[in-house]
Each structure stands twice: as structure tokens, then as C-alpha cells.
Amino acid sequence: MSSPAEPANLMEAIVSLAKRRGFIYPSSEIYGGLNGFFDYGPLGAELKKNIRDCWWNDMVRRRDDIVGLESSIIMHPKVWEASGHVAGFTDPLVDCKASKQRYRADQLFFAAVVVDGKTVGYVSALESENTAGELQTAAEALKRKKAIQGTLAAVAPRDMTEAKPEEIELIPSPATGEPGSLTAPRSFNMMFQTNVGAMTDASSVAYLRPETAQGMFVDFKNVTDTTRVKLPFGIAQIGKSFRNEITPRNFIFRSREFEQMEMEYFIHEDADWAKCHEEWIAWCENWLKSIGLPETHLSRYAHPKEKLAFYSKGTVDIMFKYPFGVQELWGIAARGNYDLNQHATASGKPQDLFDETSKKKFVPHVIEPAVGVDRILLAVLCAGYAVEDVTDEKGNTEQRTVLRFSPRIAPVKVAVLPLLKNKEPLTNRARALHAKLQRRYAVQYDDGGAIGKRYRRQDEAGTPWCVTIDFETIEKPGDTFTLRERDSMKQRRINEAELFALLEEQVY
RNA sequence: GCGGCUAUAGUUUAAUGGUAAAACCUCUGCCUUCCAAGCAGGUGUCGUCGGUUCGAUUCCGACUAGCCGCUCCA
């Protein structure tokens, strides 16, 4: 009965629905938009808040071993030096304007061709096992080509980050062999930079955080000194992070301002990290299922050992099948005690704990599940979106668009609908029920147009239930109303106590 | 950042070198006893800036944004 749209059009349909129904708008749209930034409209803001709340409740409030944290977005610049982000974010790149190739400046080597002490030209080569040899061969070829007499000096390879401005236009592109098409190395700075205080100089430079995780490491001692946590324990945080991505893509999947939900789970240095790692991967998978993501769309990707950062013991990504491909949703990394050690060294403040059994100090290791709220939100939009054929009693077939959100995260839990707008007893009862529900749940009151139209409108918003106040409600004993279920479109009669019991069970 | 394609109402799309049309959505009123009914009405600076032209939404350029491919994703 479900007719899945073509993947190519599916994303367009979802983007268009998200705009039309007030889930997601482009940022600053009246000024032409801003690449990589988005606004969440009324329904989107509710949906996002529900995802955050579910995570926070399950991760922090319903556990005894994890505490919450909200650290500042702008931190001391030394945090990012210690974490490796300042060194890591700068990847100088060189473009060849002729061939449109792009090279990392530290992997593109060149050398001056020196004959009898005089520079006669330049040669270049990409980094290889024998870069110097290739450059030497190229230099000899150049000398022959130019028919220059004399003694060729041994080449002195340098990479493009060391090229002087006047040399760059003389260095041939590896693609064309001709000089003049290479650009100077340009850095692609992934961290947003700002200045703290009125003075703008080198000493005032600060960064918007590119991840929330460092907050947990930097406040590690504060938390252990002020709360009664005992290993193993976790510190969790939800918050905005910022990365100046070169190419934001795929709607809200990769944006420049995004929201992370990260947790650092600290374990003893002798603990079985692999077992703990596996437990957290399973926990994350179960959590994703609990908010309605289908198991069929989830998979695991274990990063190959040779591609891991040197300090990492293992990273597994939980992948989600988006319309544009299988992409990383949730990364669960075993980071050893690299981060705490880095901060201990950089700050000079030990980050260790005391083991009462062995009477020794140690720096705990950490398992880090890190997920993006926006990526989850996009996943539930994609997984929940369906266009269905609906056949009525007369045999006419129509289509309805529905977002099958889990009741846990649905932006609107219940829509209260008087069957008719112009019958006051109906609207009075409906408004009373609406007001009562509103005290605990996100609900909507709608009396516009025909009842069927209102059902479809709620389908597009992903509202799991509609209750309709009809003539039976006000004329017959029992004060029951029609409960209409979104996915099955089935109806049954229910009273107020039963409705609240249903919500209590399904919305948690 | 590079290359290709694209930009008309909230959405999806027409037409046109002489200031634009349809459907859906949305809002107001009437009507309506359960799955997008009907009737009457409201809502538009053709992405931005410049050029060519008597006149540009239409042709040209730049910018901005989107899609695809590179590159990047620490």
C-alpha cells in the first residue's frame, strides 16, 4: 500500500514538505539564504526538542551512572591546541587552474633545477616512495630539453608549503607539466574564529567549538570533585557545534552549525574497553529503534585499524540508509585516555584518579558515543515519510502523505477536532479537552474545513492520534470521543481517562 | 574552493522582449454528522545587483542560493 518515491525525488519531496509544513527553512531566506545554515520552524523545533529530551531522559535522568553538563561554546584557545584541532584543521591546498586538480600542499613536492650554481627552472612531483628520485629524473630531463650545458646539482625537494611567492608561478603543475597554473597554498579553516574582548589581535583569537566533547574532558576534575560519581561513569552534553565545512551537502545532513549529543563514559584503565564499547554500540542502536528508526535502515561500520587516529583503539559508526546513501549517524569511539592526557600535559593539571585497591593513580579511559541531533531528525523524517494510496468506500483511490513519527518524538501528540465548527456544544467540549491535554502534551486544536481534510493535515505533521468530538460525545452517556490512529487510519471510541492512559504509556 | 546544471506565489509547475497563469497549500466567511466536498473572498516587489534595449521575468555578466561531480569532513 505504501508506494516509495524514487530516491532522487524523495529528498526533494522531503525538503519541500519540511518547508511547507514548517519543519525546516533555509536560514536568512529573505536575504537569499546562507549556505550550510538552517532554521527549524514550529514543527521542527518541537521535533528537535523531543529528540533531545528523549536522549537526555534515557541517557542521563534514567541512569545512575551518567551526569549532565553544559559547557560554554567558546572555550580557552589552548583547549583546541591540546585537543589537536588547531593543528589538525589547517590543510593547505593547492589548485591547478589549468587541469582543475587539487593537491594537498604538503604532498606536492618541487625542486629548483640548478646548473652550475644557477637556477634554470623548476620541477614538481607528487609525494611517493621515491619523490627525490623522480624530481632528479625530471630535472635531468629539463636540462636536456633546454639544451643547457654544465653540471646539474642534486635536487633539494621541498613541499608547496615552503614555496616562496615568486617561485609558485615558476613551478610546473604535475598534471600539465607546464608552470603558471598553480595557486598559492590556501588553508581551509574548519574552525570558526572570533575575537574575545574589544581588542582584535592575535592574543584575543578564540574559536567556536567544533565539538562538545572537549567540554567533558576539560571539566572532568570539576565533575569528579563536586559530585559523587564513581567509575565507571559518564558525562553527557547536548549543544551546538560549528564547523566551517567546505561543502555543506544533503540538506541538514552536513551543515556548518549543528547540534551534538555526546557522552564520555570513563572506565578504569584496566577495564575491558572492548566489552564496554560493544555495550554502548548496542545501547545506541536500541535507542535509535526506540524513537522509531527501522532496524532495516541501520547498519554498522567498523573503521579499519589502519585508518584510525593513532590514539584510537576502535571506532564503530552506526550508519543510516538515507535517500542519498548510507551515511554515518552515530560514532562510538574508544579513545583510550588520549584526551585527558593531552589536557593534563597542556594545562599542567593532573587529570588522574586514585585507585583505592592498588593505591595507584591512573588516568581513566573513555568510550565516546557522539551523534548529531540534526542527522537524527533527518533520519526520522526520511524513514517516516510515506505517500500512500488510500481507497475510499466508493472505490476511489487518492494519495495521502504521512510522516510516521514515533509518538515519543512526534511534534504534536494529539489533535483535538470538533466534528463540526458551527455547533457550539461540540466546540465547547473540544476546547475543554484541548485545554486539559495542553497542560501536559503538545496538542493542537483544529476546526477548519471538513474532518477528512483535518485528518490529512495532521498526517503530514506526523501527529499519531486525532480525537474527534462528535454528537455521540455530547448526546450519549460515557463522554467518549473518536480516536483516529494515524498509521492504520482506524477509529475507535475512547474516553478521557483512557486517552490519558494511552499517552502515558506511549509518550515517555 | 573548482567544474556542470538550475533559480517564476508558501509548494509544484506554465507562458512571455511590452510589469505574469494554473493547481495545491494557507487565511476569512458560509456550509458540512468521520478521511483532502462545495460556494464567496484575501494573500505575488519573476533570487540580488548591474549591463544591453524605447522597454528585461525573458538576452548578457557578476553575486547569492540549490542540485550533481571533484575536494574536504581533523
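Computed from a prediction, not measured in an experiment: that's the story for all the values here. Proteins get letters first, then strands, A, B, ... in listed order; numbering begins at 1 in each.
- Side-chain N/O atoms of Lys19(A) include one lying less than 4.0 angstrom from OP1 or OP2 on U11(B).
- Every residue meeting the side chain to side chain donor-acceptor pair (under 3.5 Å) condition with Glu460(A), not counting sequence neighbours, appears here in chain and number order: Arg20(A), Arg21(A).
- Cation-pi geometry between Arg209(A) and Phe242(A) is not met: the NZ or CZ atom fails to fall both under 6.0 Å from the ring centre and inside 45° of the normal.
- Residues from residues 466-484 of chain A lying near RNA chain B, meaning a heavy-atom separation below 4.0 Å, are Thr468(A), Asp470(A), Phe471(A), Thr482(A), Arg484(A) in numerical order.
- Nearest to the side chain of Leu420(A), among A37(B), U11(B), U33(B), sits U33(B).
- In this structure, of U33(B), C35(B), C68(B), it is C68(B) that holds the atom nearest to the side chain of Asn250(A).
- Separating the P atom of C24(B) from that of C31(B) is a span of 23 Å, rounded to the nearest Å.
- Distance CZ/Phe38(A) to OH/Tyr25(A): 14.0 Å, rounded to 0.5 Å.
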Under 3.5 Å, which protein N or O atoms sit close to an N or O of nucleotides 62-65 of chain B? Give each pair with its distance.
from, atom 1, to, atom 2, distance (Å)
U64(B), O2', Gly32(A), O, 3.4
A65(B), OP1, Asn35(A), N, 3.2
A65(B), O4', Gly32(A), O, 3.1

Do any side-chain atoms of residues 326-333 of chain A form donor-acceptor pairs under 3.5 angstrom with protein atoms, and if so which ones, sequence neighbours left out?
none

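- Remark: Ser255(A) pairs with no residue by the side chain to side chain donor-acceptor pair (under 3.5 Å) rule, at least two apart or across chains.
- Looking at the side chain of Arg254(A), the nearest of the listed nucleotides U32(B), C73(B), C68(B) is C73(B).
- Shown here are the side chain to side chain donor-acceptor pair (under 3.5 Å) partners of Asn422(A), two or more places apart in sequence or in another chain: there are none.
- Residues passing the salt bridge (Lys or Arg N to Asp or Glu O under 4.0 Å) test with Glu498(A), sequence neighbours excluded: none.
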With 3.5 Å as the limit, what N/O pairs link the protein to nucleotides 26-31 of chain B?
from, atom 1, to, atom 2, distance (Å)
U26(B), OP1, Arg457(A), NH1, 2.7

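- The distance from atom CZ of Arg20(A) to atom C1' of A36(B) is 12 Å, rounded to the nearest whole Å.
- The side-chain hydrogen bond (donor to acceptor under 3.5 Å, both in side chains) pairs that include a residue from residues 34-48 of chain A are Tyr40(A)-Asp374(A), Lys48(A)-Glu259(A), where partners are two or more places apart or lie in different chains.
- Using a 4.0 Å heavy-atom distance criterion, Pro210(A) is classed as a base contact.
- If you take atom C1' in U45(B) and the same atom in A56(B), they sit 15 Å apart, rounded to whole Å.
- Using a 4.0 Å heavy-atom distance criterion, Tyr25(A) is classed as making no nucleic acid contact.
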Notebook entry, point to check: Under a 3.5 Å cutoff on both atom distances, Watson-Crick or G-U, what's the dot-bracket for RNA chain B ([ ] crossing, | other strand)?
Noted result: (((((((..((((....[..)))).(((((.......)))))....(((((..]....))))))))))))....
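- For Ser83(A), the side-chain contact (heavy atoms from CB on, under 4.5 Å) partners at least two apart in sequence or on another chain are Trp80(A), His85(A), Gln214(A).
- Figure legend: cation-pi geometry between Arg375(A) and Phe253(A), with NZ or CZ positioned under 6.0 Å from the six-membered ring centre and within 45° of its axis.
- In plain terms, the two heavy atoms of Val412(A) and Gln458(A) that are nearest each other are CG1-OE1, 4.4 Å.
- Ion pair Glu424(A)/Arg429(A) not flagged as a salt bridge, since none of the NZ, NE, NH1 or NH2 atoms sits closer than 4.0 Å to an Asp/Glu carboxylate oxygen.
- Ion pairing between Asp446(A) and Lys421(A) fails under the 4.0 Å rule for side-chain N and carboxylate O.
- The salt bridge (Lys or Arg N to Asp or Glu O under 4.0 Å) check on Lys49(A) picks up Asp53(A), with sequence neighbours excluded.
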